[in-house]
Protein chains: 2
Amino acid sequence: MTPTEHPYPPDRRRLPPEERRRQIVEGAVTFFADVGLDGNTRDLAKRLGVTQSLLFNYFASKSDLLEAVYEHVYLNRLSDDWPAFLTDSRQPIRDRVLTFYESYSKLIFQYEWMRIFMFSGLAGAALNRRYLDHLGRVILAPLLAQMQNTATGPDVPQMEDLWNLHGGIVYIGIRQHIYQVPCPDDPTEAITRAVDRFLAAFNMG
Amino acid sequence: MTPTEHPYPPDRRRLPPEERRRQIVEGAVTFFADVGLDGNTRDLAKRLGVTQSLLFNYFASKSDLLEAVYEHVYLNRLSDDWPAFLTDSRQPIRDRVLTFYESYSKLIFQYEWMRIFMFSGLAGAALNRRYLDHLGRVILAPLLAQMQNTATGPDVPQMEDLWNLHGGIVYIGIRQHIYQVPCPDDPTEAITRAVDRFLAAFNMG
DNA sequence: CGAATAGTTGATCGTAAGATCAATAAGGTT
DNA sequence: AACCTTATTGATCTTACGATCAACTATTCG
């Protein structure tokens, strides 16, 4: 082999800007999820295999880069048709809730999502408040209305009860990715049991 | 008044070491809970109204100071007689669980406790894993054994169910102190309802 | 009151981190 | 193969931060 053709290209330099930018953002997501939002740009550059100064060719400042990281992580955000699905009375409410949390847990029980959400929450970012507000209005509130129609027991669910259901489920992801303690590989069973307990309590089984 | 006697002492300097140390640690607890574990010592000193160099007279390094912060926050740790209380069959299990979570939520639903626990969890501190392991062994496992004896329904609680109950409750504190979104001033009712749902699901009501 | 003790300060050192910019060289074009 | 464009680099500036230490002064004791 000639010295100019590398079978394992040691470092493909000079990428098209779009691609390089994507590579930086994706690397930054994992990096900041690992070390926190004040990880330094030199370590990030080292991990990416580029120079630190290159980062500032694609982002005017570190906080610009962090903006791109947020955007990238929360782009796969809640689909807009969950409200319609959750209030579709043709399906049993149990199926609707289980389908939602099965999908939702797949979405957020990820190292990057969980940790960056927690880091930015602690940093006081408005993002988190907006997100939770949105979740409450778009998911939990419609679900609550449905449940209050469905409930046949003496008691009827309150909004705070739904936050409790939600929190109990999300806590699985917190144990897994924040505290990194042993927890089920697949959260499906735990989620199913939690939902079933909840529905049973209000005679919605 | 003479210039030497200040009616509002502008800055009481030269405290006895013990007292100064306590003052520093207490200030550091709030400070690091606010800004995170890599808040800088100059800002901390400013908040305390002392010089930055003074901090290093009481702690050899910043991480030494953080050790003292951890210790101070987690000193009011779980009492050792919860296991005995939780397994005392003379009281209804509902009362035992409610009493525990009433007390426990008072203990941990505090700005400093919640945030420093989350910060150190994200930093990968062994402290959190040890704490959760301890909680599981000393509180949840005995409780689980009790419940498995008490349950009369077709289904019997699993360890993961207890983590779900626990997580749903802890999530109230997370909403309050990490994300800082609206949530009940007094968590008692939400906790009571969550516990009652849980017990009802296993016919332990 | 004066001296001794020691809590506290201000100046400073070394390094780490964000940011800048002229110089370099990779990849396409002719 | 020579040339041009521009992605990438290496050196560097400035500021911020942890840590050190001699000097200062509040307080105590004789």
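Lettering follows sequence order; numbering is per chain, from 1.
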| Nearest-nucleotide 5' precedence on DNA chain D, A:Arg42 against A:Leu54 |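 The residue whose closest nucleotide sits nearer the 5' end is A:Leu54.
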
| So does A:Arg14 reach the base of D:dT5 with its side chain, donor to acceptor, closer than 3.5 Å? |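 Donor-acceptor pair under 3.5 Å: yes.
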
| Distance-only donor-acceptor test, A:Gln52 side-chain atoms vs C:dA17 base atoms, 3.5 Å |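 Side chain to base: no pair present.
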
| Name of the residue among B:Val73, B:Ile108, B:Leu127 meeting side chain to side chain contact (heavy atoms under 4.5 Å, CB included) with B:Phe117 |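 The passing option is B:Leu127.
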
| Exercise: do B:Tyr111 and B:Asp34 side chains pair donor with acceptor under 3.5 Å |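 On atom types as modelled, these side chains qualify, holding a pair under 3.5 Å.
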
| said: Expressed as a whole number of angstroms, how long is the span from A:Glu19:CD to D:dT6:P? | reply: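 Those two atoms, CD and P, are 18 Å apart.
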
| Matching residue for B:Arg22 among B:Glu26, B:Glu19, B:Glu18 - test: salt bridge (charged side-chain N to carboxylate O under 4.0 Å, His left out) |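 One option only clears the test, and that one is B:Glu26.
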
| task | Using a cut-off of strictly less than 4.0 Å between a heavy atom of the residue and any atom of DNA chain D, enumerate the qualifying residues of residues 55-72 of chain A by number. | result |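 Contacts with DNA chain D under 4.0 Å: A:Asn57, A:Tyr58.
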
| For DNA chain D, what residues of residues 26-34 of chain B have any heavy atom nearer than 4.0 Å? |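 Those residues whose heavy atoms fall under 4.0 Å from DNA chain D, taken from residues 26-34 of chain B, amount to none.
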
| Strictly under 6.0 Å, is that where the ring centroids of A:Tyr131 and A:Trp113 end up? |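 Yes, the ring centres sit under 6.0 Å apart.
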
| request: Go through the steps to decide whether A:Tyr104 and A:Trp82 satisfy the test ring-ring contact (aromatic ring centres under 6.0 Å, His included), and finish with yes or no. | output: CA-CA 10 Å; A:Tyr104 186 70; A:Trp82 279 119; 8.7 Å; no

| query | A:Gln91: what forms a side chain to side chain donor-acceptor pair (under 3.5 Å) with it, not counting sequence neighbours? | reply |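 By the side chain to side chain donor-acceptor pair (under 3.5 Å) rule, A:Gln91 matches no residue at all.
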
| field | Parallel, tilted or perpendicular, as decided by the 30° and 60° cut-offs, for the rings of B:His166 and B:Tyr101 | value |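 Correct class here is tilted.
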
